[in-house]
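Letters go in sequence order (proteins before strands), and every chain restarts at 1.
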Amino acid sequence: MARVLLFGPLRDLAGWREREIDSPFLSVLRARLAEEDAVLGAALGGPGVQVALDQVVVRGDAPLNARTEVAFLPPMSGG
Amino acid sequence: MARVLLFGPLRDLAGWREREIDSPFLSVLRARLAEEDAVLGAALGGPGVQVALDQVVVRGDAPLNARTEVAFLPPMSGG
Amino acid sequence: MIRLTFEPFDPGALLTEFCRDRTEVGAVATFTGLARAEAGATTTLELEAYPGFTEAEIDKMIGRARVRFGLLDVLVLHRVGRIVPGEPIVFVATAAGHRRAAFEACDFLMDYLKSRAPFWKKEHGPDGERWIEPTAQDHADRERWT
Amino acid sequence: MIRLTFEPFDPGALLTEFCRDRTEVGAVATFTGLARAEAGATTTLELEAYPGFTEAEIDKMIGRARVRFGLLDVLVLHRVGRIVPGEPIVFVATAAGHRRAAFEACDFLMDYLKSRAPFWKKEHGPDGERWIEPTAQDHADRERWT
């Protein structure tokens with residue numbers, strides 16, 4: 001069960017902050033989330049949204065294990 | 001009696017900080033100081049040395065009265 | 001060093017500490033970002049971080065600033081959670097031998113924090129709430145360093 | 001505002017005060033100049049001002065910075081007299097709506113203070129004493145604003 005985290009506007013859009021989802025690959029996880037919620041699915045692939053696996057930003061697909069923390073990071077703005 | 005003030009390295013050079021000197025014009029005051037101490041006289045006319053009369057920087061000659069404060073200001077460096 | 005805090009903080013207390021026992025640091029530059037009321041349009045800011053990840057990303061950028069500007073020390077404190085107008089959001093202090101390096105490093109770190117650091121910022125006001133993204137100016141500011 | 005002081009001061013206490021009750025100031029930049037030991041080469045700095053004239057000249061420059069950068073507030077505190085390594089010599093704080101103005105104004109005022117403000121600075125060390133004049137870099141830094 002990968003642990004999925006949403007930040008910022010993605011969380012408001014989805015209506016949840018954190019969920020456990022079983023998925024062998026990031027691509028499969030994205031597909032499942034899009035199937036459930038097409039608007040969220042599109043937003044997760046939107047411009048400037050990054051994905052971190054166990055706090056490391058990745059591009060493209062990647063395998064997930066039962067303990068992987070998957071974070072969707074929309075465009076950032078501090079200070 | 002104009003009140004003459006020397007700052008920074010000019011004071012070390014002259015060996016005094018403040019003197020009362022009677023003089024009708026700045027040019028005359030300069031000549032008197034140079035007569036007494038040629039090295040100081042040259043330094044007072046040196047590059048970057050400004051003169052303030054009653055705390056206002058002046059260029060060239062100017063009349064002095066008995067209460068004028070004449071300050072010789074060598075190149076400045078704060079901070 | 002980078003720290004996140006949910007509690008209000010006093011930038012002055014941080015500066016006092018940062019300047020203590022520095023006999024070879026000629027220059028300390030700081031920046032404090034304060035929450036603005038925008039004449040009543042903003043009642044609260046809500047800042048979210050990704051704990052662990054956010055500190056690690058900022059720490060990488062601090063490392064780059066240290067090397068690029070030859071810094072002797074750096075401190076970044078960033079507020080998270082709910083912030084009301086007048087409260088500090090971010091404090092950056094940089095220490096260097098001379099002032100140009102201290103100023104530029106502080107400026108560089110702020111441009112990074114405003115446009116790239118992992119924070120998400122929501123503004124609450126009488127007209128509702130909205131997420132804030134970096135402005136075109138923020139991106140242009142950051143581009144100065146590339 | 002500009003003040004001269006013969007006593008050591010705490011830049012942090014000034015920053016705390018400067019940030020108080022600011023609900024429309026988004027950005028506060030500061031610079032603190034500290035006396036360096038230069039690995040033992042400098043034991044004391046001696047800073048001289050022309051009381052009245054020095055404040056008036058700095059005040060003119062503060063006025064220019066206010067207009068040029070649209071500042072909401074400015075504070076300059078400058079030490080005079082004998083200063084030992086590690087002690088603050090100068091503190092500049094600038095407040096603006098946004099960070100670029102605050103940074104640039106602080107930088108501008110420091111460049112002025114280092115090369116044009118009415119102070120004379122003598123360095124005392126084991127090898128004797130010497131008057132310090134602005135460096136070529138100080139003049140070049142100031143030229144950036146003309």
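Listed by first and then second residue, the side-chain hydrogen bond (donor to acceptor under 3.5 Å, both in side chains) pairs involving residues 10-20 of chain C are C:D10-D:T16, C:T16-D:D10, C:E17-C:R20 (not counting sequence neighbours). For residues 63-74 of chain C, the set of pairs meeting the side-chain hydrogen bond (donor to acceptor under 3.5 Å, both in side chains) definition, not counting sequence neighbours, comprises C:R22-C:D73, C:R66-C:D73.
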Sequence neighbours left out, cut at 3.5 Å: what donor-acceptor pairs do the side chains of residues 34-43 of chain C make with other protein atoms?
residue : atom : partner : partner atom : Å
C:R36   : NE   : C:E38   : OE2          : 3.3
C:R36   : NH1  : D:G97   : O            : 2.8
C:R36   : NH2  : C:E38   : OE2          : 3.1
C:T43   : OG1  : C:H124  : O            : 3.0

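Using a 4.5 Å cut-off on side-chain heavy atoms (C-beta onward), C:F91 and D:V28 make no contact.
Note on C:L15, C:V92, C:D21, C:L14: by heavy-atom pairs under 4.5 Å with chain D, the leading option is C:L15. For the set D:A102, D:C106, D:C19, D:P85, the count of heavy-atom pairs under 4.5 angstrom toward chain C peaks at D:C106.
For C:A13, the part lying near chain D is the backbone, with the side chain staying farther off; criterion is any non-hydrogen pair under 4.5 Å.
Under the 4.0 Å criterion applied to side-chain N and carboxylate O atoms, D:R100 and C:D107 are assigned as salt-bridge partners.
In this structure, CZ on C:R99 lies 9.0 Å from CG on D:L113, to the nearest 0.5 angstrom.
Proximity to chain C at a heavy-atom threshold of 4.5 Å picks out D:D138, D:D141, D:R144 from residues 135-146 of chain D, in numerical order.
The two residues C:F31 and D:G26 have their closest heavy-atom pair at CZ-O, 4.5 Å.
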